[in-house]
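Report on the following structure.
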Amino acid sequence: MGENQKGLFSVIEKLKGTTELEFRIVLLGLDNAGKTTLLKQLASEDVNTITPTQGFNIKSVTSHGMKLNVWDIGGQRKIRTFWKKYLENTDLLIYVIDSADKKRFEETGVELAELIEEENLKGVPILIFANKQDLATASPAAEIAEGLNLHTYRDREWQIQACSAVSSEGVQDGMNWISNNIANKRKVE
Amino acid sequence: MADDSEWVLESIAGYLGSPEWVIPVTDFMENKCTVFDDEDENKLTYTEIHQQYKELAEKLLDNYMQEVGINEQQFVEACASPFAKSKTLQGVLQPVLASDDFQMFRSLMVQKNMELQLQALRVIKERNGALPECLMDGEDVMGELEQQEMKILQEVLRRSKEEYDMEMARRTLLEEEVGTTSSSCSIPSVPNGTGPHQAPPLAPAPTANSAGKTSSTAAKKEEKRLVLGKGDKDQKSPAKTGGASPVKPPAERGGSDGKTLPAVRAPVTGAPVSPKEKSNSNSQAAENWLEEAQKEAGISKPFTELSASQQEQLQQRALYLRQQRDKLQALKKEQQRPKQGQPEEAPAAPTAAPSTQENVPKKAVSASNGNSSQPGGAPQGDQKPKEISVEERKKLQKRKHLAEKLKEEVIKK
């Protein structure tokens, strides 16, 4: 029965008349990390009126001829338990960190480590945005990478990218990495 | 193969139009769509509902395919065929596609929710004949503001009318008083005085200003006292005496209405009222005033559906009304002093006095032979007026206090 259902899924996917490549990207991170700001920046929307996300936002972004459906799920502690429900069929994970919030580096590290263990994210490439680099107190990306033990990741592609979601600095670099890796991954499959 | 896929797709499309599919799916959507609004942000519950929908759709499709004998291979091939990509079929297949496409599902649910709401509105309309204002199109915030504004405006109008009534009542009482106590006075009308205590000026003969002033001061004083007492009582029950009193002789009416009309009208209309426009009888004056007020209300009510600029106008009008009232009150206070010494004159002169500030000096001067009725100038009879004005002021202050409280209450609401 389970097999059968899975088959039906793929069938329905094929039913869609889309010809362009479509990818599902999930955008996670602690509350106030800047996920929604980043999402709106990606969609070229106004980033000045953003409030804490209670649910989730979805934007479809076209990048390098690919359609990226980016899901931004709220990062408040009570919502984090719902993250799992959004990981299915994910092609890539973007994890956002507030580089200036040193007090919560440990907390964000714990959350990321838990995500890495998720079955649905097995082998899924991860892009980490070291956000809020426009703030004077922001830690450099290399330092954060070290704190997160990113170098221990063996079973997946990963990248850390310094950025400022508000000014959009560094965001495009991250997107370039995404399109390269997603495309490659599909080819391999 | 090609034949196969066509048959398969047609069969499935037929199923999607049959009650076996439509009823459970529509049921599901109608039951669950209420939480779907068209906000940008999605609620976490949407995902849960989408998951349930997915399960329902798959179960139904699965059952049908088993029943009819379509195997998965056939289905896959059918879906890959160009026939499946046609627009009509894509439309038919939308409910199926929605099970895998959250955003499609979401838009379906939002649409369903809107349909249900419109249906509900229609039902309400049919039942009640019209929609309650609170259900009108996206006017919640505006409506509230509007209501508040209307309340303020109505309060202002109401107070204006109260003041008018009070004044009228006082005047009629005064006039009665004058009529009974000082029957000797040839002309009992109350011309210039805007305040309630202008009865005293009635006493002196109309023709001789100076003579009347000097000779009849003592008599005036007594009269004033009497009048004052009356006036106080009457203030407590303004409603009863509110209307134009039938006791008054016609001559008096002409005289007194000249004052009252402009006093009330000027602020309401928001523009100086020329003396010509003023009506000649008290009752008419009252009517006019009410008309004016109604117009005001009549204009403003439709505004509920109108633009912000018009609302602003309304607000400005209300503000203006308030300012005018304040000005008038100040004017009255001041005028009471000079008016004491003033004799009554032709009705034309008095009318001008209260109407607007600009009018006051001109007309008053010409009418009163140098007895300036200007606010600033306190001419003769300083002592008498003072006695009165002290009490008068107290009263005025009380009234203002009350008004202030009312205003606060209204605005705070």
Side-chain angles (χ1 to χ4, degrees), chain A residues 1-19 22 24-27 35-37 39-40 43 45-47 49-61 67-90, chain B residues 5 8-9 12-13 16 35-37 39-48 50-51 54-55 57-66 70-87 89-107:
Chain A
M1 185 67 185
E3 286 267 305
N4 191 12
Q5 267 188 359
K6 213 173 183 182
L8 207 56
F9 261 135
S10 60
V11 166
I12 288 166
E13 238 169 83
K14 277 185 190 155
L15 255 178
K16 281 196 269 189
T18 51
T19 46
E22 214 173 318
R24 177 188 168 97
I25 294 177
V26 177
L27 186 54
K35 296 179 294 299
T36 306
T37 306
L39 181 76
K40 295 221 168 188
E45 287 177 19
D46 178 30
V47 294
T49 55
I50 291 165
T51 53
T53 306
Q54 305 297 324
F56 59 100
N57 300 291
I58 307 169
K59 302 269 177 226
S60 294
V61 184
K67 190 183 177 193
L68 309 177
N69 297 316
V70 187
W71 293 56
D72 151 43
I73 327 284
Q76 289 168 32
R77 190 178 283 279
K78 62 177 196 292
I79 306 177
R80 284 179 216 158
T81 51
F82 291 89
W83 282 359
K84 279 187 228 126
K85 299 187 175 183
Y86 297 86
L87 302 179
E88 221 176 303
N89 299 318
T90 296
Chain B
S5 54
V8 168
L9 283 171
I12 287 175
L16 295 181
V35 293
F36 285 78
D37 50 40
E39 295 279 313
D40 204 29
E41 190 176 308
N42 302 288
K43 294 168 188 158
L44 292 171
T45 45
Y46 293 1
T47 307
E48 219 171 286
H50 186 215
Q51 189 61 38
K54 210 186 268 184
E55 282 161 21
E58 266 165 23
K59 201 180 76 193
L60 289 170
L61 260 186
D62 247 8
N63 287 346
Y64 175 72
M65 277 164 52
Q66 272 178 20
I70 301 171
N71 63 40
E72 214 172 294
Q73 184 60 31
Q74 282 173 307
F75 189 48
V76 170
E77 274 160 16
C79 291
S81 77
F83 185 52
K85 305 283 193 278
S86 72
K87 268 191 186 156
L89 206 64
Q90 285 281 312
V92 174
L93 291 175
Q94 211 183 28
V96 182
L97 300 179
S99 68
D100 192 56
D101 186 330
F102 172 79
Q103 275 167 295
M104 192 185 280
F105 173 71
R106 193 197 119 128
S107 67

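Lettering follows sequence order; numbering is per chain, from 1.
Between B/Phe102 and A/Asn69 the shortest side-chain heavy-atom distance does not fall below 4.5 Å.
Contacts with chain B were tallied for A/Gly55, A/Gly74, A/Ser60; A/Gly55 has the most, counting heavy-atom pairs under 4.5 Å.
The CD1 atom of A/Ile79 sits 5.5 Å away from atom CG of B/Leu44, with the distance rounded to the nearest 0.5 Å. Atom CG of B/Asp40 is separated from atom OG1 of A/Thr36 by 10.0 Å, given to the nearest 0.5 angstrom. Here CD of B/Glu39 is found 12.0 Å from CD of A/Gln54. Values are rounded to the nearest 0.5 Å.
The only option from A/Asp72, A/Ile58, A/Asn57 that meets the side-chain contact (heavy atoms from CB on, under 4.5 Å) definition with B/Glu41 turns out to be A/Asn57.
Checking side-chain atoms of B/Asn42 against main-chain N and O of A/Phe56 turns up a donor-acceptor pair under 3.5 Å.
Of the atoms belonging to A/Phe82, it is side-chain heavy atoms, and not backbone ones, that fall under 4.5 Å from chain B.
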